[in-house]
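Below is one structure; the comments refer to it alone.
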Amino acid sequence: MAKDTKIINIAVIAHVDAGKSTLVDAFLNQSGVFRENEAVVDCVMDSDDIERERGITIYSKNCSVMYKDYKINIVDTPGHADFSSEVERIMKTVDTVILLVDSSEGPMPQTRFVLKKSLEQGINPILLINKIDKKDARIDEVVDEVYELFMDLEANDKQLDFPILYGIARQGIVVYDPKEVEGLEIGTGENKIRKNTAGGWGDLNINPLFETIVKHCESYPDRDDEPLQFQVSSLGYDDYIGRLGIGRITRGKIKEGETVTVCQSSGETVQRKINQVFVYRGLKRTPVPEAGSGDIVVVSGISDISIGETICENGKPDPMEMIHIEEPTLSMNFIVNKSPFAGKVGKFVTSRHIKERLEKELEVNVGLLVEPTQSTDEFKVSGRGELHLSILIENMRREGYELAVSKPEVIMRRGPQGETLEPMEQVVISVPEEYSGSVISALNLRKGLMREMDTQNGYVKMDFLVPTRGLLGYRSQFINETRGEGTMVRRFECFEAFKGDIPQRVNGVAIAQEEGVCSGYALNNIQERVQMFVEPGTRVYEGMIVGMNSRSDDMVVNPCKEKKATNMRAAGSDDAIKLTPAKHFTLEEALEFINDDELVEVVPDDIRLRKKILGELERKRSGRVYEK
């Protein structure tokens with residue numbers, strides 16, 4: 001990197017769906033990263049398959065753009081609370097953050113979390129009110145809410161004096177004053193502004209944001225002549241060159257092929273050799289012979305490097321403070337699949353395969369904890385939430401792994417007097433007024449405490465404090481009760497005294513009696529009392545859950561029973577049977593649905609529900625209430 005190039009590192013932080021990845025798209029489009037004829041997908045930084053399918057950012061990623069003589073390294077961060085460990089780490093590598101807030105939603109629970117982390121690092125944020133073209137935008141109120149949030153989080157005077165910009169990230173537009181885009185019509189008609197070659201519309205683009213970054217944030221000081229100090233804030237993996245350490249060079253230079261001292265998390269120092277050094281140019285990781293202070297770099301060659309460890313000049317160890325990651329709040333057991341259908345589809349089915357995959361995940365996923373259990377075929381895996389763990393399971397499933405997963409359990413703590421403490425979550429719910437009563441009633445049963453309630457434009461916005469236990473299995477009920485019109489956002493807040501028993505699933509299940517193929521004739525008879533999870537032609541085995549009973553007790557059924565063909569009854573007359581469509585579970589829904597005596601069987605081409613004890617006689621012997 002040339003000496004006259006100044007470096008600024010920024011992170012884009014916000015709540016889910018505020019437009020972070022779309023804003024990064026605008027940065028890349030308007031800084032000449034892509035060729036004119038290059039095909040570019042939306043949310044280009046969300047490169048993972050699951051990120052694209054779900055429309056969320058899961059892993060923080062880096063890119064860089066040039067503006068005048070500044071190199072601006074940009075980190076796109078996840079907005080979901082379950083991936084907050086990704087946000088915590090990158091705060092140490094950036095000089096400022098762009099806080100994105102939706103012009104109608106205002107600050108949400110995760111906005112509070114990511115802002116708190118940045119203020120703790122002494123960072124002075126830039127506020128960008130996004131989506132100002134929304135019909136229900138309430139720009140002035142949202143700005144006031146952000147000021148209140150800053151004061152709530154005890155921001156200092158300099159942090160409170162943040163610059164405010166307004167934008168429509170989807171169109172690549174940022175302005176100093178929302179009046180600049182009042183009555184704006186984008187399109188191709190005579191009176192409408194047109195797209196320009198640089199990626200903006202008419203005279204509007206994101207240059208005001210570039211200018212604000214340059215004015216608001218001093219470029220990183222030139223400390224190339226000092227001894228090397230470089231803390232690893234995230235990890236990557238390359239099939240050809242192995243494990244990669246990613247972070248910002250605090251001071252000094254790092255060169256390919258040089259020997260360095262690594263200050264490990266255990267307190268020991270070891271000598272290692274750097275193989276290659278990469279910097280980001282646009283979206284590409286580009287090898288360079290050396291990189292200087294302030295730049296975000298990727299290094300290869302240190303196979304045992306971990307997050308938080310410091311790479312120093314050889315013989316001059318000077319470790320930085322280790323990066324603290326908040327502890328997991330939820331755990332579940334990953335078990336070797338032992339169902340009658342085990343090994344028919346998956347490539348990796350043994351405990352050794354599962355153990356190696358979990359160890360590989362631990363290298364890059366710092367919010368995860370894996371512990372052995374009394375059984376060699378079972379591993380206790382803890383994470384920051386259901387989504388955090390289900391993303392791991394989904395990735396394993398797609399890679400060809402087979403496993404069974406138990407019901408998620410909340411991790412309790414002991415208080416100073418030995419009392420049991422449980423995690424509590426802030427839940428912000430927005431629903432049409434007619435559904436608010438059922439939501440309040442359901443969360444009261446789940447030991448929730450309402451702290452705030454506000455009605456606007458026919459919608460009720462409510463703020464609850466609810467035990468994490470009470471939220472397990474609630475999302476599906478919430479979607480049904482609000483007819484899909486409600487939004488629910490949750491974030492871990494604190495540990496409080498144990499709140500007592502919380503009602504579990506009230507319905508029993510229908511369990512297959514034998515192995516075979518489901519028939520329409522049998523399902524037609526069963527569906528009068530059962531909501532089916534299987535269809536005609538589905539292969540089932542004894543102990544597999546095929547539906548939800550309308551009553552509270554479990555019921556053993558035979559979904560494979562065929563109609564007897566006689567002179568009076570023809571087998572073909574079943575063509576007129578009308579079956580209610582079966583319910584198909586996503587992985588998260590399946591984890592929410594099961595009880596303590598049930599498992600989710602995850603294989604590459606299917607997700608099945610089953611009892612832990614498959615045989616009907618064995619289940620009766622073990623007692624009606626399953627004991628772990």
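Here the structure is a predicted model, which is why all the values come from computation and not from measurement.
- The closest side-chain heavy-atom distance from L362 to V370 is below 4.5 Å.
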Exercise for review: Before giving the answer on side chain to side chain contact (heavy atoms under 4.5 Å, CB included), spell out for T93 and N9 the whole-Å C-alpha distance, their side-chain angles and the decisive distance to 0.1 Å.
Suggested key: CA-CA 7 Å; T93 68; N9 299 324; 5.8 Å; no
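- Closest heavy-atom contact between L128 and V174: CD1-CG1, 4.1 Å.
- Annotation: E321, atom CD; neighbour count of heavy atoms from other residues, nucleotides and ligands within 6.0 Å does not exceed 12.
- Without hydrogens or angle criteria, E290 side chain to E256 main chain gives no donor-acceptor distance under 3.5 Å.
- Remark: E154 CD to L119 CG distance equals 10.5 Å, nearest 0.5 Å.
- Here the closest non-hydrogen pair linking I411 and F495 is O-CE2, 3.8 Å.
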Exercise for review: Let me see the working for L23 and L209 under side chain to side chain contact (heavy atoms under 4.5 Å, CB included), right down to the final yes or no.
Suggested key: CA-CA 11 Å; L23 179 65; L209 182 53; 4.0 Å; yes
Review point. Are I213 and Y67 close enough, and set up right, to give a side chain to side chain contact (heavy atoms under 4.5 Å, CB included), and what steps lead you there?
Key: CA-CA 10 Å; I213 291 168; Y67 179 71; over 6 Å; no
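- Proximity of a side-chain donor or acceptor of T310 to a complementary backbone N or O of M320 within less than 3.5 Å is detected.
- When the ring pair (Phe, Tyr, Trp, His ring centres under 6.0 Å) test is applied to F348, the partners found at least two apart in sequence or on another chain are H353, Y401.
- Residues T350 and V336 fail the side-chain proximity criterion, which asks for heavy atoms closer than 4.5 Å.
- Using a distance-only test at 3.5 Å, with no hydrogens or angles considered, a donor-acceptor pair links the side chain of T468 to the main chain of P423.
- One finds a salt bridge joining D95 and R248 here, because a Lys/Arg side-chain nitrogen approaches an Asp/Glu carboxylate oxygen to under 4.0 Å.
- Under the 4.5 Å side-chain criterion, counting only non-hydrogen atoms from C-beta, L127 is in contact with L99.
- Donor-acceptor pairing under 3.5 Å is recorded for the side chains of N73 and D295.
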**Study point:** Check against salt bridge (Lys or Arg N to Asp or Glu O under 4.0 Å), K68 and E211
**Key:** CA-CA 10 Å; K68 296 180 178 175; E211 287 293 335; 2.8 Å; yes
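- Residues S406 and L599 come closest through the heavy atom pair CA-CD2, 3.8 Å.
- Counting all heavy atoms, side chain and backbone alike, P107 lies closest to L149 at CB-CD2, 3.8 Å.
- You'll find the side chain of V288 reaches within 4.5 Å of the side chain of R281, heavy atoms only.
- Considering SG of C217 and OH of Y70, their distance stands at 9.5 Å, rounded to 0.5 Å.
- Aromatic ring centres of F379 and F334 lie farther apart than the 6.0 Å criterion allows.
- Results of the side chain to side chain contact (heavy atoms under 4.5 Å, CB included) test with L228 over K255, R251, E313 single out E313 as the only residue that passes.
- A salt bridge links R357 with E399: at least one charged nitrogen is closer than 4.0 Å to a carboxylate oxygen.
- Side-chain contact between I13 and S118 is present, with at least one heavy-atom pair separated by less than 4.5 Å.
- N337 contributes atom CG, which lies 8.0 Å from atom CD1 of I354 (distance to the nearest 0.5 angstrom).
- A salt bridge does not link K360 with E356: none of the charged nitrogens is closer than 4.0 Å to a carboxylate oxygen.
- Between the side chain of E402 and the main chain of G346, a donor-acceptor pair closer than 3.5 Å is present.
- Closest approach of S300 and L244 over heavy atoms only: CB-CD2, 3.6 Å.
- There is a side-chain donor-acceptor pair under 3.5 Å between E588 and S390.
- Remark: side-chain polar atoms of S382 are not paired, donor with acceptor, to backbone N or O of S331 under 3.5 angstrom.
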Practice item. Let me see the working for Y280 and V297 under side chain to side chain contact (heavy atoms under 4.5 Å, CB included), right down to the final yes or no. Key: CA-CA 7 Å; Y280 287 97; V297 299; over 6 Å; no
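- Taken from OH in Y166 to CD1 in I129, the straight-line distance is 6.5 Å, to the nearest 0.5 Å.
- We find that K355 and D377 are not joined by a salt bridge, their nearest charged nitrogen and carboxylate oxygen being 4.0 Å or further apart.
- A donor-acceptor pair under 3.5 Å is absent between the side-chain atoms of N333 and the main chain of I335, judged by distance alone.
- Looking only at side-chain heavy atoms (C-beta outward), L368 and L389 come within less than 4.5 Å of each other.
- The pair E394-R397 meets the salt-bridge criterion, with a side-chain N (NZ, NE, NH1 or NH2) lying under 4.0 Å from an Asp/Glu carboxylate O.
- A distance of 8.0 Å separates NZ of K380 from CG of L369, quoted to the nearest 0.5 Å.
- The distance from the CD1 atom of I391 to the CG atom of L587 is 8.5 Å, given to the nearest 0.5 Å.
- Within a 6.0 Å radius of CD in E268, other residues, nucleotides and ligands contribute 12 heavy atoms or fewer.
- Without hydrogens or angle criteria, Q159 side chain to N156 main chain gives a donor-acceptor distance under 3.5 Å.
- Remark: the backbone N or O of N124 is paired with a side-chain donor or acceptor of H216 at under 3.5 angstrom.
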Would you list the atom pairs, donor with acceptor, under 3.5 Å between side chains in residues 269-278 and any protein atom, with sequence neighbours excluded?
from: Q271; atom 1: NE2; to: N314; atom 2: OD1; distance (Å): 2.8
from: R272; atom 1: NE; to: D304; atom 2: OD1; distance (Å): 3.3
from: R272; atom 1: NH2; to: D304; atom 2: OD2; distance (Å): 2.8

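- Contact detail for T376 and S351: the closest heavy-atom pair is O-CB, 3.5 Å.
- A 4.5 Å side-chain heavy-atom check between Y176 and L165 finds at least one atom pair inside the cut-off.
- With contacts defined as side-chain heavy-atom distances shorter than 4.5 Å, the pair I74/V65 qualifies.
- A donor-acceptor distance shorter than 3.5 angstrom exists from the side chain of T373 to the backbone of E378, with no hydrogens or angles considered.
- Between the side chain of Q229 and the backbone N or O of C312, no donor-acceptor pair lies under 3.5 Å.
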